[in-house]
2 protein chains.
Amino acid sequence: MDFAKDQSAGYLVNHVARLFEQGLKRRIRPLGLSPGTFPALLELWEHDGLTQKELVIRLDIEQPTMANTLARMERDGLVIRKKDDSDGRVQRIWLTDRARELQRPAVAAAMAENADAMASLADHERELFVALMRKIIKARSGSGSRR
Amino acid sequence: MDFAKDQSAGYLVNHVARLFEQGLKRRIRPLGLSPGTFPALLELWEHDGLTQKELVIRLDIEQPTMANTLARMERDGLVIRKKDDSDGRVQRIWLTDRARELQRPAVAAAMAENADAMASLADHERELFVALMRKIIKARSGSGSRR
DNA sequence: GACATTTGAATAGCCCGCTATGCAATAATA
DNA sequence: TATTATTGCATAGCGGGCTATTCAAATGTC
């Protein structure tokens, strides 16, 4: 009984995530990007040529989800996938020029969206919010429910 | 530059939302429920016979998403949809016996998941977390970006 | 060296969110 | 009252998440 949805962390976090995603989507659409590509791009901008497996681990996302996202990214001319020379199983992911050029505007858009969505929070509240989420993630995916 | 993803609220909130959803999914699968039905069920358990439109407004979700979710729910024997007598456009949504019986175990599962996911937070941190998210939602969807 | 195991990626199929669009019923208006 | 506008819902199509399964390459083991 008495499950007040506006007091349920799970309910709220889903709502907030949707708001963030929608905002980001609007902002990066002009760049020809969609939100799902963002995490992969962030990693690749820092470390071009990562393996699909490495992306999966770094982003804590399931392998088929990553494979699917990368397929879309390749289709859209953001990356190319090449087999590793020394191991025929692994796919290495390389950014295209276009993707490299998008770094500045895309990061700017994401930062703007973050700022905007949290505009109603005071500075210390923002830091708190981020810190709390990191704590949850750490506890959860760190020693998480390995099946 | 220097967009640290572990400091980006948008990035983190997406991650946390995924963790919550996966946890809930595992917990309610035995009941034959999926996470997407939860918000609608919560409303209907309190107010059976709501309109699709009313659900859309209360849950801040797009109309086609709701229509789709309700179609799945009807398929799975959770609700039935009946045209309103006095207005042939509106669909009223009525719970089945099965859905009513699921209230207790489903709510228990959600509460357990919430508790579990936030187990690493102190009590006051949990309250803070919830309060911050409500603040964000209020500022955002309240006077939000009406196109 | 042959066979079994492990590992990385791809595919199939589903849930659930979105936008854009179409359609039928009602309400408003000339 | 005939036409137009509005309103509520459904459909099409896609992005992005998941699980389960398959496949090929590499590794281990006998």
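Naming: A, B, ... by sequence-line order, numbering from 1 per chain. Reckoned from all heavy atoms, side chains included, excluding hydrogens, waters and symmetry mates.
- Closest to the side chain of Arg29(B), out of dA10(D), dT19(D), dT6(D), is dT19(D).
- Within residues 90-98 of chain B, the residues that place at least one heavy atom under 4.0 Å from DNA chain D are, in residue-number order, Val90(B), Gln91(B).
- At dC18(C), one or more side-chain N or O atoms of Gln22(A) fall inside 4.0 Å of OP1 or OP2 (strictly under the cut-off).
- The phosphate of dC15(C) (OP1 or OP2) has no side-chain N or O of Ser34(B) nearer than 4.0 angstrom.
- In this view, Asp87(B) and Arg89(B) satisfy the salt bridge (Lys or Arg N to Asp or Glu O under 4.0 Å) rule, not counting sequence neighbours.
- To the nearest angstrom, C1' of dA9(C) lies 9 Å from NZ of Lys83(A).
- Here dC18(D) is the nucleotide among dC18(D), dA26(D), dG17(C) with the atom lying nearest to any side-chain atom of Lys25(B).
- Atom CE of Met66(B) and atom P of dT7(D) are 21 Å apart (whole Å).
- The CG atom of Asn14(A) sits 12 Å away from the C1' atom of dG17(D) (whole-angstrom rounding).
- For Pro64(A), counting side-chain heavy atoms from C-beta on, the closest listed nucleotide (dT19(C), dG17(C), dT11(C)) is dT11(C).
- Pairing each heavy atom of Thr37(A) with each of Thr69(A), the nearest pair is CA-CG2, 4.3 Å.
- Put simply, Arg75(B) has a side-chain N or O that comes within less than 4.0 Å of OP1 or OP2 on dC15(C).
- Applying a 4.0 Å cut-off to non-hydrogen atoms, the residues of residues 48-57 of chain A that approach DNA chain C are Thr51(A), Gln52(A), Lys53(A), listed by residue number.
- Straight-line distance from the CD atom of Gln63(B) to the C1' atom of dA20(C): 12 Å, rounded to whole Å.
- Checking the phosphate oxygens (OP1, OP2) of dC9(D), no side-chain nitrogen or oxygen of Arg81(B) falls inside 4.0 Å.
- Summary of the strand contacts: Arg18(A) and Asn68(A) both lie near DNA chain C, and taking for each the nucleotide with the nearest heavy atom, the more 5' one is attributed to Asn68(A).
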